[in-house]
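Right, one structure below, let's go through it.
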Amino acid sequence: MSAHLWLVRHGQTDWNITGRFQGQADPGLNEAGRLQASQLAARLAGRPFDALYSSDLLRARETADRLAAELGLPVRLDARLREVNHGEWDGLLAAEIEARFPLDWSERRRSPLTARPPGGETVLEVADRVQDVAADIARLHPRGEVLVVGHGLTLAVLACLSLGRPLDGVHDRIPPNAEPTVVAWPPG
């Protein structure tokens with residue numbers, strides 16, 4: 001018995017366009033992101049979802065609020081759905097990170113699962129927290145269709161875990177903004 005989790009990355013932000021590491025910084029949606037969220041809500045209208053969970057960061061909340069308004073569901077905020085904590089890298093471009101933190105950046109390339117940005121968290125730590133929240137959601141909605149609004153890396157980790165894929169290439173599996181991916185939880 002599995003829940004079907006509809007994983008939805010938040011709509012576009014200006015930082016998505018410029019390539020800034022957002023992490024747990026809190027930029028809101030830009031105009032295109034608000035439109036993406038509204039269009040997704042219209043596409044999902046009439047589908048019977050059991051619940052709607054969202055990261056508590058602004059860009060995810062704004063996306064979830066548009067879905068909730070269309071679907072008539074309350075938004076259940078959960079900080080465990082936040083993006084990876086990039087620590088001191090939040091708000092920086094990759095070139096800026098490489099220039100300011102060359103050893104840490106090199107470590108991320110060598111060991112993408114265990115490298116820790118200064119003041120941040122590892123991909124394996126993200127995996128631990130998203131497994132916990134997915135298990136809690138599945139326990140509450142064991143056969144349900146549940147929308148889960150979150151962030152690129154967080155949702156990529158959750159999708160990899162659900163599909164039994166290795167996490168090594170998770171940075172290459174970031175989903176597009178406001179496009180759902182459906183996975184079963186628990187896996188298998």
Restricting to non-hydrogen atoms, name the atom on Leu93 and the atom on Thr18 that form the minimum distance, rounded to 0.1 Å.
CD2-O, 3.1 Å
Applying ring pair (Phe, Tyr, Trp, His ring centres under 6.0 Å) to Trp6 and not counting sequence neighbours gives Phe49
Under the side chain to side chain donor-acceptor pair (under 3.5 Å) criterion, do Ser54 and Arg61 qualify, and how do the steps go?
CA-CA 6 Å; Ser54 177; Arg61 283 193 339 257; over 6 Å; no
Between Val183 and Ser162, which heavy-atom pair has the shortest distance, and what is it?
CB-OG, 3.2 Å
Salt-bridged, Arg59 to Glu83, with N to O below 4.0 Å?
no
I need the Arg116 CZ to Leu124 CG distance, nearest 0.5 Å.
10.0 Å
Nearest heavy-atom contact between Gln22 and Pro27 is OE1-CG, 3.2 Å
Which atom names give the shortest non-hydrogen contact between Arg82 and Thr154, and what distance separates them?
O-OG1, 2.7 Å
Scanning both residues in full, the closest heavy-atom pair of Ala178 with Ala37 reads CB-N, 4.4 Å
Let me see the working for Leu113 and Asp168 under side chain to side chain contact (heavy atoms under 4.5 Å, CB included), right down to the final yes or no.
CA-CA 7 Å; Leu113 301 181; Asp168 293 4; 3.2 Å; yes
Any idea which heavy atoms bring Thr13 and Gly28 closest together, and the distance?
CG2-O, 3.4 Å
Applying side chain to side chain contact (heavy atoms under 4.5 Å, CB included) to Glu70 and Leu40, what does each step give before you reach the verdict?
CA-CA 10 Å; Glu70 182 68 45; Leu40 177 59; over 6 Å; no
Mind checking whether Phe101 and Trp89 have parallel, tilted or perpendicular rings, split at 30° and 60°?
tilted
Following the transitive rule for hydrophobic clusters with a side-chain heavy-atom cut-off under 4.5 Å over Ile, Leu, Val, Met, Phe, Trp and Tyr, establish whether Val75 and Val149 coincide in one cluster.
yes
Identify whether the distance between the nearest side-chain nitrogen and carboxylate oxygen of Arg110 and Glu107 falls below 4.0 Å.
yes
So, the side chain of Arg20 versus the backbone of Gly91: is there a donor-acceptor pair under 3.5 Å, distance only?
yes
Under a 4.0 Å threshold between the charged nitrogen and the carboxylate oxygen, would Glu179 count as salt-bridged to Arg43?
yes
Between Val157 and Val84, is there shared hydrophobic-cluster membership here, with clusters defined by ILVMFWY side-chain heavy atoms closer than 4.5 Å?
yes
